[in-house]
Protein chains: 2
Amino acid sequence: MSEDSSNLQGIVTNLQPPTASSPLVRKLGSLCLLSEEEISFLEGWQNNTIDVEAGVDFFVEGTERKTTFIMLEGWSIRYTVLSNGRRQILSYALPGDILGLHINFNAKATYSAAALSTSRLAVVDPRRILEIYQKFPILASGLSWATAREFAILGDQTVRLGRLSAKARLAHLLLELWHRLELIGNNEGNWLQLPMTQSDLADTLGLSLVHTNRSMAALRKSGLVSMTKNHIKLENIDALVQMAEFNPDHLAEFSI
Amino acid sequence: MSEDSSNLQGIVTNLQPPTASSPLVRKLGSLCLLSEEEISFLEGWQNNTIDVEAGVDFFVEGTERKTTFIMLEGWSIRYTVLSNGRRQILSYALPGDILGLHINFNAKATYSAAALSTSRLAVVDPRRILEIYQKFPILASGLSWATAREFAILGDQTVRLGRLSAKARLAHLLLELWHRLELIGNNEGNWLQLPMTQSDLADTLGLSLVHTNRSMAALRKSGLVSMTKNHIKLENIDALVQMAEFNPDHLAEFSI
DNA sequence: GCTCTAGTATATCATATGTTATAACCTTTT
DNA sequence: AAAAGGTTATAACATATGATATACTAGAGC
């Protein structure tokens with residue numbers, strides 16, 4: 001796996017080789033060198049995997065949860081459904097992201113999670129998370145950072161919903177996803193390939209489907225994005241960033 | 001402090017005596033017995049305190065942060081300000097709540113924090129947090145739970161902004177704060193004493209000041225709340241819960 | 001080649017919320 | 001006691017977004 005196995009704590013050296021193993025290892029190893037031991041511990045974590053079809057829940061709000069999930073492939077959503085059937089998507093999880101890191105007692109899930117596209121997930125016993133904290137301080141910092149990042153992403157979502165116009169909300173979300181895909185190496189240039197429908201976008205942005213479509217059209221008309229069948233192209237990232245007041249720092253990579 | 005000092009790991013026994021020390025100890029000790037050692041470690045954590053006047057920031061988005069804060073007294077907010085001056089409050093922190101638990105590397109804060117009322121905060125070196133994970137598994141679970149709870153609270157805020165009407169948003173927020181104050185023993189019956197202005201509420205709920213005021217009036221007119229100078233009374237909690245689709249489980253206390 | 005269905009697109013009308021303006025009230029300052 | 005500034009209250013008007021309806025398109029199944 002990693003070519004250089006020395007554990008130079010605290011010294012930022014170089015990126016992990018891009019071939020590096022699981023998305024989680026890539027993520028945590030992106031800006032600090034991990035030892036062979038750390039890497040193999042993380043990999044061992046992820047031996048127990050499941051496959052989930054698009055549209056299928058892998059945990060449900062209100063039910064007890066005792067496992068933690070790590071996205072290996074595909075996209076998933078965290079979401080809530082209200083009694084009138086309205087759905088609010090809280091956030092998206094991409095390869096390397098962790099779901100339910102903290103719901104590791106007899107607590108009930110406060111949201112549901114479902115695959116957006118066909119996905120592979122690692123299923124982890126949360127007791128193994130405590131092990132990390134006890135044995136691998138660097139990895140522990142990494143997990144802690146990952147948690148802070150999830151919090152920042154949800155904070156951005158809050159700002160979007162509370163203080164941005166429909167058009168800006170959409171632009172902001174597209175930028176978030178583009179940056180996140182960029183960080184995990186899943187982008188080709190300024191093209192975005194998204195697995196969700198406009199209806200999903202609407203439920204993310206707190207808009208109606210019709211108005212989401214209108215906002216998409218507005219972005220197109222102002223030349224900020226263009227679309228083909230399955231792809232969206234960000235035509236002018238600087239202009240998008242400015243109109244949506246997007247702050248890429250919130251997605252920054254882990255650095256110890 | 002604690003009368004019963006035996007560490008009965010994993011056995012839910014009884015509440016900490018209500019006299020118990022710091023709000024954080026009360027919070028983490030609320031549903032599981034903490035040993036004398038755990039309690040005194042937590043207390044020692046909080047020796048270094050600062051006082052912050054209402055309206056004063058104690059950290060600012062975009063600046064480097066190396067300390068963690070624990071609310072001892074007073075209220076504070078996490079918030080973001082956009083370039084056009086619009087502000088979005090992400091969440092409120094009450095005594096016992098932790099701010100910046102995870103921003104413990106050379107990362108920049110992704111939001112600002114300010115005191116809403118005169119507050120006392122403990123300032124903690126994040127290295128001491130790793131100690132907890134390494135030495136006190138029960139406390140570590142507690143911190144992990146506290147993190148999950150903050151995440152759930154921010155998730156609720158997302159649902160409020162995305163999928164509730166103005167009136168329901170306000171009701172939902174009042175219920176959240178009432179429940180949280182109830183849990184820390186700061187309520188008298190159905191009365192709420194809030195330190196924030198309607199302008200703060202507006203910036204929390206993603207509304208204009210005028211419409212926040214209108215929504216407050218609407219709640220009053222439908223008999224769901226009543227107000228005196230400094231207090232709000234929840235006249236019919238069941239009806240409020242139903243109309244706002246409020247789920248108190250998200251605020252549940254820690255149980256191992 | 002048809003039919004079904006999910007998704008996208010657009011138009012029309014309805015309404016929740018924003019904006020601007022003004023006044024009343026309270027607290028603090030002088 | 002008056003002035004000043006922040007907060008709450010309400011009205012009148014403007015607009016962003018929601019709701020409903022109807023096509024259009026593309027793929028899936030037969």
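Chain identifiers are assigned alphabetically (A, B, ...) following the order of the sequence lines, protein sequences preceding nucleic acid strands; residue numbering begins at 1 within each chain. These numbers were taken from a predicted model, which means no experiment stands behind them.
Here dT17(C) presents its P atom at 13 Å from CZ of R163(B), a figure rounded to the nearest Å. If you take CG of L194(A) and P of dG7(C), they are 15 Å apart, rounded to a whole angstrom. Following rounding to the nearest Å, R86(A) (CZ) and dA19(D) (C1') show an atom-to-atom distance of 11 Å. Distance CG (L164(A)) to P (dA16(D)): 15 Å, rounded to an integer number of Å. As a whole-Å value, the separation of I232(A) CD1 from dG7(C) C1' is 14 Å. Between L161(A) atom CG and dT17(C) atom P the separation is 14 Å, expressed in whole Å. Atom pair M196(A):CE and dG7(C):P shows a separation of 14 Å (rounding to whole Å applied). When rounded to the nearest whole Å, the span between NZ of K229(B) and C1' of dA9(D) equals 12 Å.
Both R169(A) and N230(A) sit near DNA chain D, but only R169(A) has its closest nucleotide nearer the 5' end.
Distance CZ/R160(B) to OG1/T158(A): 9.5 Å, rounded to 0.5 Å.
Across every non-hydrogen atom of G206(B) and Q88(B), the tightest pair is CA-OE1, 4.0 Å.
Judged by distance alone, the side chains of E61(A) and S112(A) never bring a donor and an acceptor atom under 3.5 Å apart.
For the salt bridge (charged side-chain N to carboxylate O under 4.0 Å, His left out) criterion with D97(B), the lone passing option out of R78(B), R180(B), R26(B) is R180(B).
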Checking salt bridge (charged side-chain N to carboxylate O under 4.0 Å, His left out) for the pair D203(A)/R86(A): CA distance, chi angles, key distance, verdict? CA-CA 8 Å; D203(A) 288 347; R86(A) 305 184 97 186; over 6 Å; no

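Using cut-offs of 30° and 60° for the angle between ring planes, the F59(A) and Y111(A) rings count as tilted.
Remark: G206(A), L207(A), S208(A), V210(A), H211(A), R214(A) in residues 202-226 of chain A come within less than 4.0 Å of DNA chain D through at least one heavy atom.
For the pair N247(B) (side chain) and D249(B) (backbone), a donor-acceptor distance under 3.5 Å is present.
Listed pair Q198(A) / dA9(C) meets the phosphate criterion, a side-chain N or O lying under 4.0 Å from OP1 or OP2.
Of all nucleotides listed (dA9(C), dT7(D), dA9(D)), dT7(D) comes nearest to the side chain of T197(B).
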